[in-house]
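Some notes on the structure that comes next.
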Amino acid sequence: MTEKLYEQNAYVKEFTAKVLECKASDNFYKIVLDKTAFFPEGGGQAADKGVLADVEIFDVQIENENIYHYATKPLEIGGEVVGKINFDRRFNFMQNHTGEHIVSGIAHKLFGVNNVGFHLGEELVTIDFDKELTREQLDKIEYLANQKVWQNLPVKAYFPTEEELEKTEYRSKKAIDGAVRLVEITGTDICACCAPHVKNTGEIGIIKLLDTEKMRGGIRIILKCGNFALQDYRNKYQNVSQISALLSAKQENAYESVQKLDEKCTAASQKITELKKKIADITVLSATSEDNCIFVDDCDIKSLQLLADKLHKKFGGIRAVFSENTGNFSFAMCGENDELQEIFAKFKSQFTVRGGGRGGMVQGTVDATKENINLFFEF
């Protein structure tokens, strides 16, 4: 079996190993080494990436207890190679994984929730708890978790003896066959885990709970730690800064300024709706019973439906209203349903139409010229 250097020392960035196996698989190669610092995908965490002898390693998986390094090129069996992992990426994962243990441990002790799911990807972490938590409870967990970071507590990863394991109370999402590896954060959490972790909690930097969503009677928490959290803050700072500049407001007043703008937009939208109704009334007044279809400027579907309905109520028959878009026309047709569906079927057979409807109203878009549409409605 491959010696797992990542279990012994999470900070190994470079190592030398012998190639035991190299086999082609689709458009890549699966390589087995006598030892590796590459962490294979497991426990909800993505695999390490890096190079072996300048050959890209883009994935690492455990299959039938063998650790396979997925490579873009083959390596000579029996040869020695130097492996280098992408340690910046690895360290980001270590910060987030240890941060997740702190959050899960505190949530379990305070509120009795169990971690039933975990995912650590390229940009964020999600934790699934089996019970719902309030925002106030999450804020308390976040504050206490960051206190553990500030205390710079030691983080210990080890394989206990059977006697030690029997006496140790630890968290685990599932039953484990074989040796159990524990990750212990002093006075905070003990959890079965196969992944690399930081040596001390201070290396995490910060733990931030970002968002939540309900799921299967529990809650999913989205969080970011360390560099992930820093990048998230930078992105949000930039967004708030740009919004503040557009609104000519201080950053701390951005929400209030957006709220006022939203109120103005709502009032303007209501005014526009009122004006559209007045325009519809004017359009109907100027129409005649011979106008089976009319063309109006800059109207959305709802306005077209309103106009078609008013024209039908005034003159009866089939009434259609069109508004030009870029390269086509939006439309609404109103009339007695059976007659309308018959006309609409002919309309679709003659032109390229997207849309439909029922109950005496159909709407959509049509690719046709104004002249051809007018010719169609000469009945």
Side-chain angles (χ1 to χ4, degrees), residues 4-12 39-46 62 90-120 125-131 133 137-138 140-209 218-226 228-229:
K4 301 172 182 177
L5 300 177
Y6 57 84
E7 287 186 341
Q8 303 167 22
N9 184 355
Y11 292 80
V12 173
F39 174 73
E41 181 180 6
Q45 179 172 321
I62 292 184
R90 153 76 75 79
F91 188 70
N92 288 342
F93 282 13
M94 289 162 60
Q95 288 180 313
N96 282 273
H97 205 146
T98 308
E100 175 269 319
H101 277 225
I102 294 173
V103 169
S104 294
I106 291 172
H108 180 71
K109 287 181 180 179
L110 284 184
F111 305 112
V113 297
N114 296 303
N115 181 324
V116 294
F118 167 66
H119 172 74
L120 172 52
V125 187
T126 60
I127 308 173
D128 296 340
F129 287 140
D130 60 356
K131 297 179 183 177
L133 294 168
Q137 289 172 325
L138 291 171
K140 185 173 184 179
I141 292 169
E142 180 184 81
Y143 176 70
L144 293 176
N146 279 285
Q147 280 194 324
K148 300 297 183 180
V149 173
W150 305 331
Q151 291 167 15
N152 198 28
L153 302 171
V155 180
K156 178 184 176 184
Y158 62 100
F159 288 91
T161 64
E162 289 186 11
E163 287 185 5
E164 290 174 329
L165 191 63
E166 288 179 0
K167 298 176 183 178
T168 303
E169 185 176 343
Y170 64 94
R171 293 187 303 107
S172 180
K173 290 190 288 295
K174 62 180 181 179
I176 301 173
D177 295 327
V180 176
R181 181 174 182 263
L182 297 180
V183 174
E184 180 176 354
I185 303 170
T186 304
T188 304
D189 186 53
I190 304 178
C191 182
C193 184
C194 60
H197 287 265
V198 297
K199 291 179 181 177
N200 298 284
T201 59
E203 295 176 75
I204 299 170
I206 190 170
I207 297 172
K208 182 61 186 171
L209 307 188
I219 190 173
R220 170 167 290 175
I221 298 173
I222 299 171
L223 69 153
K224 291 188 178 183
C225 306
F228 281 9

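Quick caveat, the model's predicted, so the values are computed rather than measured. Nothing fancy with the numbering, it's 1 onward along the sequence.
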Quick one: [atom1] on [X] to [atom2] on [Y], what's the gap to the nearest 0.5 Å?
X	Y	atom1	atom2	value
Lys131	Phe111	NZ	CZ	11.5 Å
Cys191	His108	SG	NE2	10.0 Å
Asn114	Phe129	CG	CZ	9.0 Å

With sequence neighbours left out, what residues match Phe91 under ring-ring contact (aromatic ring centres under 6.0 Å, His included)?
->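 Phe91 satisfies ring-ring contact (aromatic ring centres under 6.0 Å, His included) with no other residue.
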With sequence neighbours left out, what residues match Phe39 under ring-ring contact (aromatic ring centres under 6.0 Å, His included)?
->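 Testing Phe39 for ring-ring contact (aromatic ring centres under 6.0 Å, His included), a comparison that skips the adjacent residues, returns Tyr6.
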Decide side-chain contact (heavy atoms from CB on, under 4.5 Å) for Phe228 and Leu223; before the verdict, give the C-alpha distance in whole Å, the side-chain angles of both, and the deciding distance to 0.1 Å.
-> CA-CA 9 Å; Phe228 281 9; Leu223 69 153; over 6 Å; no
I'd like to check [X] versus [Y] (side-chain heavy atoms, cut-off strictly below 4.5 Å). Are they in contact?
X	Y	result
Val155	Val183	yes
Ile141	Leu133	yes
Pro196	Gln45	yes

Under 3.5 Å: donor-acceptor pair, side chain of Asn9, backbone of Leu5 |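 Not confirmed, Asn9 side chain does not pair with Leu5 backbone.
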Identify the heavy atoms of [X] and [Y] that sit nearest to each other, and give their distance.
X	Y	answer
Asn96	Asn92	ND2-O, 2.8 Å
Ser104	Asn115	OG-ND2, 3.0 Å
Ile207	Cys225	CG1-SG, 3.9 Å

Which residues pass the salt bridge (Lys or Arg N to Asp or Glu O under 4.0 Å) test with [X], sequence neighbours left out?
X	answer
Glu184	none
Arg181	none
Lys208	Glu142

Derivation and outcome, side-chain contact (heavy atoms from CB on, under 4.5 Å), residues Leu144 and Gln147 = CA-CA 5 Å; Leu144 293 176; Gln147 280 194 324; 3.4 Å; yes
For the residue pair Thr168 and Glu164, confirm or rule out a side-chain donor-acceptor distance under 3.5 Å.
->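 No.
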Pairs in or reaching into residues 195-206: which pass side-chain hydrogen bond (donor to acceptor under 3.5 Å, both in side chains), with residues at least two apart or in two chains?
->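 Matches after skipping sequence neighbours: Tyr11-Glu203, Thr98-His197.
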